[in-house]
Amino acid sequence: MRIIKLDEQSRSNILADLLKRDPNNYTSYESAVQDIVSAVREKGDEAVFGFTRQFDGAQLNAATVRVSEGEIKEALSQVDPGLLTVMKRAMKNIKEYHEKQKQYSWFDSKPDGTILGQKVTPLSSVGVYVPGGKAAYPSSVLMNIIPAEVAGVPRIVMVTPPDKNGRVNPVTLIAAHLAGATEVYKVGGAQAVAALAFGTESIPRVNKIVGPGNIFVALAKKAVYGHVSIDSIAGPSEILVLADETANPRFVAADLLSQAEHDELASAILVTTSMELAQKVSAEVNGFLIGLSRRSILEKSLENYGYILVADTLQEAIDTANEIASEHLEIVTRNPFEVMTKIRNAGAIFLGDYSSEPLGDYFAGPNHVLPTNGTAKFFSPLSVDDYIKKSSIIYYSREALEPIHKDIETFAEAEHLTAHANSIRVRFE
């Protein structure tokens, strides 16, 4: 990995480089995505099945697009029992963590006859997009569905691309079944997002769409936003390790590679105060690369977006981490808890030598759907909050309204909204 002495210019250049990965910059794909979305909106099932033939090579129809109970039972027989046990253990951790995020309706009554409050209601329906292809991502299934189930969403729909035989990966399917999906459809890509947003003859619409996907999925979510809610427009994966001379270089190198293997656009950055650590980590990365299965992706990722930045002070390193606002931030310093108090911007923060990023991906419990591309400056991880909505509750008795009604009328008249003022005034004529 390239080693760069950190200064204002190098930090600015790296930030500009990282922002090139933002899905919002891939405007060349937007017209193609919009054509797909428009076709599904206008033609429903016909368009969905046509695009599924075109892109996935699968022949589906209204009778086969939804996964049946028989297919779920067959998938269960194909999943390794050991993996099934591990998934159930992970589910327990994920559910327990998200249970602590639940919000409840509240009401505050006062002696003067005023009642104010907030009513918390789960969304009626959500759609979860799960990538398909050769790989299976049961962890993404669990992370997207379990918070919805905890929130109390009654209809949880999963969509995922089928293989050429019109079948869903059995591991993905069983993860959805265990997590609480109520429906699963064999549809992927921008056409799946459009079907969830607008509904077709076979796929009823939902209120919100969540889940990761490729650039077509990301841009489709952007295109349908407003017709439905979405979680975010996710970019490529990223990790930043903040380390001092006490860090284990072998651990750090392994953790950087754990994210770089996702994608050629993935970002892996070490920010350290130790040139010696920087050099050792670079050597360890080279050693690991030889034996890793996704070596070609790793090498391209590190070539494009892999950096080792050497800072003069720990504060400079912390400032850089806050500016980059990484999806995953590992703090491997002499006193990681103290450093953590100075971090303002990160999707998930991992502390110490043994809190490796994949722990969060699969098992610890906190959600691994995290803000990317610097959006941790204003976005949060996926949570139970994403699956609820809130309504304000207002009640005033006549006795409570009377002493303040002229104040409200004054406010309304100052804005030249005389009907507003009149709505209050008529009650005291």
Side-chain angles (χ1 to χ4, degrees), residues 91-128 143-157 179-182 204-210 225-232 340-341 344-345 347-349 365-367 369-371 375-429:
M91 281 178 60
K92 180 177 181 293
N93 294 341
I94 296 165
K95 188 166 186 176
E96 286 179 356
Y97 181 87
H98 288 84
E99 287 278 1
K100 293 179 173 66
Q101 297 177 335
K102 288 181 74 172
Q103 295 195 45
Y104 300 91
S105 300
W106 58 266
F107 299 91
D108 180 24
S109 60
K110 297 180 180 178
D112 66 358
T114 303
I115 300 176
L116 300 178
Q118 182 171 271
K119 185 175 184 293
V120 176
T121 309
L123 300 181
S124 297
S125 57
V126 297
V128 175
M143 292 291 183
N144 281 276
I145 292 178
I146 289 175
E149 194 269 335
V150 169
V153 177
R155 180 170 174 256
I156 304 172
V157 181
T182 56
R205 62 169 297 175
V206 298
N207 297 133
K208 184 167 187 172
I209 301 172
V210 303
Y225 177 64
H227 298 282
V228 292
S229 179
I230 63 171
D231 53 348
S232 65
M340 181 267 293
T341 65
R344 299 188 309 277
N345 306 320
I349 302 173
N367 210 288
V369 180
L370 303 166
T375 59
K377 292 176 180 177
F378 45 83
F379 281 147
S380 304
L382 190 74
S383 73
V384 171
D385 288 352
D386 286 285
Y387 298 99
I388 62 171
K389 58 190 181 73
K390 302 167 187 175
S391 303
S392 303
I393 304 295
I394 301 169
Y395 168 80
Y396 269 58
S397 66
R398 189 182 196 284
E399 291 73 22
L401 183 60
E402 186 169 16
I404 62 167
H405 79 91
K406 289 191 179 296
D407 292 343
I408 302 168
E409 293 164 25
T410 299
F411 233 136
E413 287 163 356
E415 294 184 350
H416 305 290
L417 298 174
T418 54
H420 280 60
N422 187 60
S423 171
I424 298 292
R425 187 180 298 112
V426 296
R427 284 164 166 77
F428 298 97
E429 289 176 342

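We count residues from 1, following the sequence as given. Keep in mind that the numbers below use all heavy atoms, side chains included, and drop hydrogens, waters and symmetry copies.
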Inset, instruction - Supply the atom-to-atom distance Thr114 OG1 to Ile394 CD1, rounded to the nearest 0.5 angstrom. - result: 10.5 Å

Inset, instruction - Taking atom CZ of Phe411 as the centre, report whether more than 12 heavy atoms of other residues, nucleotides or ligands fall under 6.0 Å from it. - result: no

Inset, instruction - State whether the side chain of Glu409 and the backbone N or O of Ala421 hold a donor-acceptor pair below 3.5 Å, judged by distance alone. - result: no

Inset, instruction - Could you check if a side-chain atom of Ile146 sits within less than 4.5 angstrom of a side-chain atom of Met91, using non-hydrogen atoms only? - result: yes

Inset, instruction - Output yes when a side-chain donor or acceptor of Ser392 lies under 3.5 Å from a complementary backbone atom of Gln118, and no otherwise. - result: no

Inset, instruction - With salt bridge (charged side-chain N to carboxylate O under 4.0 Å, His left out) as the test, would you mind laying out the steps for Glu96 and Lys92 before giving the verdict? - result: CA-CA 6 Å; Glu96 286 179 356; Lys92 180 177 181 293; 2.8 Å; yes

Legend entry - Where Thr182 and Pro154 come nearest, the two heavy atoms and their spacing: CG2-O, 3.5 Å

Inset, instruction - Take Glu413 and Lys406 through the salt bridge (charged side-chain N to carboxylate O under 4.0 Å, His left out) test and state the conclusion after the steps. - result: CA-CA 10 Å; Glu413 287 163 356; Lys406 289 191 179 296; over 6 Å; no

Legend entry - Residue pair Met340 / Ile349: nearest heavy atoms and the distance that separates them: CG-CG2, 4.1 Å

Legend entry - Residue pair Arg155 / Pro204, side-chain heavy-atom distance below 4.5 Å: yes

Inset, instruction - Evaluate side-chain contact (heavy atoms from CB on, under 4.5 Å) for Arg205 paired with Val228, printing each intermediate quantity in order. - result: CA-CA 9 Å; Arg205 62 169 297 175; Val228 292; 3.6 Å; yes

Inset, instruction - Assess whether atom NZ of Lys119 is packed by more than 12 heavy atoms of other residues, nucleotides or ligands within 6.0 Å. - result: no

Inset, instruction - Please say whether more than 12 non-hydrogen atoms of neighbouring residues, nucleotides or ligands are located less than 6.0 Å from NE2 in His227. - result: yes

Legend entry - Step-by-step salt bridge (charged side-chain N to carboxylate O under 4.0 Å, His left out) determination, Glu149 to Lys95: CA-CA 9 Å; Glu149 194 269 335; Lys95 188 166 186 176; 3.5 Å; yes

Legend entry - Neighbour count >12 (heavy atoms, 6.0 Å) for atom CZ, Phe428: yes

Legend entry - Note, Val126 side chain near Val206 side chain (heavy atom, < 4.5 Å): no

Legend entry - Sub-4.5 Å side-chain heavy-atom contact between Phe107 and Ile393: yes

Inset, instruction - May I ask you to test the Asn144-Val369 pair for a side-chain heavy-atom distance under 4.5 Å? - result: yes

Inset, instruction - Walk me through it: do Lys208 and Asp386 pass the test salt bridge (charged side-chain N to carboxylate O under 4.0 Å, His left out)? - result: CA-CA 9 Å; Lys208 184 167 187 172; Asp386 286 285; 3.4 Å; yes

Legend entry - Check: Met143 main-chain N/O paired with Asn367 side-chain donor or acceptor under 3.5 Å: yes

Legend entry - Where Pro147 and Val384 come nearest, the two heavy atoms and their spacing: O-CG2, 3.9 Å

Legend entry - Residue pair Val128 / Ile145: nearest heavy atoms and the distance that separates them: CG2-CG1, 4.0 Å

Legend entry - Euclidean distance, Ile408 CD1 relative to Leu401 CG, rounded to 0.5 Å: 5.5 Å

Inset, instruction - Drop me the distance from Asn345's CG to Phe378's CZ, to the nearest 0.5 angstrom. - result: 10.0 Å

Inset, instruction - Any chance you could measure Asp231, atom CG, to Ser383, atom OG, to the nearest 0.5 Å? - result: 11.0 Å

Legend entry - NZ on Lys102 to OH on Tyr387, rounded to 0.5 Å: 15.0 Å

Legend entry - Any donor-acceptor pair under 3.5 Å from Ser105 side chain to Val120 backbone: yes

Legend entry - Heavy-atom closest pair, residues Ala151 and Pro122: O-CB, 3.3 Å

Legend entry - Gln103-Asp385 side chain donor-acceptor pair, cut-off 3.5 Å: yes

Legend entry - Spatial distance of atom CG (Asn422) from atom CZ (Arg427) [nearest 0.5 Å]: 10.0 Å

Inset, instruction - For Gly347 and Ala376, work out which heavy atoms get closest and say how close. - result: N-CB, 3.7 Å

